[in-house]
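Index from 1, following the sequence.
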Amino acid sequence: MTMQISSNMRTTVAAKEAQAPVAYVVQHVAFEGPGTLHSVLTELGYEVRVRLAGLDSLHVNSFSDGALLAVLGGPIGAAETAAYPFLHEEKRLIRRWLELERPLLGICLGAQLMAEAMGAEIRALPSPEIGYAPLTLTQAGARSVLGPLAHLSVLHWHGEHAGLPPGARRLAQTSATPVQAFARGEHVLGLQFHIEADHAAIEEWLIGHALELRTAGIDPGAIRAQASEYGPALESAGRAVLRAWLGRLPGHARTPALWPATAAANRDR
C-alpha cells in the first residue's frame, strides 16, 4: 500500500510539472539576473528557464514551448550587432514573440530591444541615468500595473533610451527619459528601469559597472546608501507590479498553442 501511494504521488507531481507554463528569461550579464522576477514567477507556478545571451542559443525554435519571455538588461547598446552578433538572433526572437502576441517583458536593454522591434528609435542620453530616483507616472501609468511605484524611487541604470513605439501607451517618465515604461495591450510591458534587482546584492552591480561609474563620476557609496534606503520598499512594490502584470495576462498565456514551426522556419531563412 505504501509503495502504491508513493507511486501515485510521484505521478501527480510529474503531471503538475508537465503542466507548468514555461517562462524564458534572457540574461546578458551575470550580475543582472532575474532577481525578484524569478521568485514571483516560481510562486505563480511557472517553470523558469534562464538563457545566457552569447552562450546559449537564442534561436526562435528553441523557445517553442514558452508561455512567457522576459529580456533583461545589460551594458551593451541595442545597435551593437557588429560587436555582439548574438543580438541578431535575440532581435528575431523578440519580433517573433510580438508576432505571436505572447506575454513579453523587457527591462532596460530588453525594453529597448522590444521598442526597436516595435518601430521606435533608440537614442543616447547626454549623460547616463544611474541611481535610485522616482518616476512620474502618466495617467495611463497610474491606472496600470505600475500603480504601486507611485512616489517611490526605482533603480535607473542606462545610457540610452527608446522612443514610444507606435501603438503603445506611455506609462512613466523622468526628466532625462521621456519613456520610462510602455505597454501594448496587457501582454507587452517595457521598463527602462529596474524593479527586479535585489538591493541586498547591489555590490555586484557596483563591481560589474565599476568602469562606467568611474567614467560618469558617480560615487559607488552613494548608490550603496540609496539601495539601503530605497531598496526594501522598491522590492515590495516591484513584486506587486510583477504579480499584477502576470495576473492580467490572457488565459491562453499559461497554456500556449503549439509553435507554428513551419511559419517560423520560413521566416528565419
Student: Could you tell me whether Glu80 atom CD has more than 12 heavy atoms of other residues or ligands within 6.0 Å of it?
Tutor: yes
Student: If only side-chain N and O atoms count, and only distance matters, is there a donor-acceptor pair under 3.5 Å linking Gln226 with Ser153?
Tutor: no
Student: Between Asp56 and Arg49, is there a salt bridge with N-O shorter than 4.0 Å?
Tutor: no
Student: If you look at every heavy atom in Ala168 and Met118, which pair is closest and at what distance?
Tutor: CB-CE, 4.3 Å
Student: Go through the structure and list residues passing ring-ring contact (aromatic ring centres under 6.0 Å, His included) with His194, not counting sequence neighbours.
Tutor: Trp205
Student: Tell me, please, whether Phe63 has Arg102 positioned over its six-membered ring: NZ or CZ under 6.0 Å from the ring centre and within 45 degrees of its axis?
Tutor: no
Student: State plainly whether the residues Arg214 and Glu212 are in salt-bridge range, i.e. N to O under 4.0 Å.
Tutor: no
Student: Let me know which of Leu189, Leu72, Val25, Val71 forms a side chain to side chain contact (heavy atoms under 4.5 Å, CB included) with Ile107.
Tutor: Leu72
Student: Between the side chains of Lys91 and Glu116, is the shortest nitrogen-to-carboxylate-oxygen separation below 4.0 Å, so that they form an ion pair?
Tutor: yes
Student: Of all the heavy-atom pairs spanning Ile122 and Gln112, show the shortest one and how long it is.
Tutor: CD1-O, 3.4 Å
Student: Closest approach of Leu149 and Ala237, non-hydrogen atoms and distance?
Tutor: CD2-CB, 3.9 Å
Student: Please report the shortest heavy-atom distance between Ala67 and Trp97, naming the atom on each side.
Tutor: C-CZ2, 4.3 Å
Student: Over all heavy atoms of both residues, which pair between Trp245 and Val188 is shortest? Give the atoms and the distance, please.
Tutor: NE1-N, 4.5 Å
Student: His158 and Ile130: which non-hydrogen atoms are nearest, and at how many Å?
Tutor: N-CG1, 4.5 Å
Student: Between Thr177 and Gln192, do the side chains contain an N or O donor and an N or O acceptor separated by less than 3.5 Å?
Tutor: no
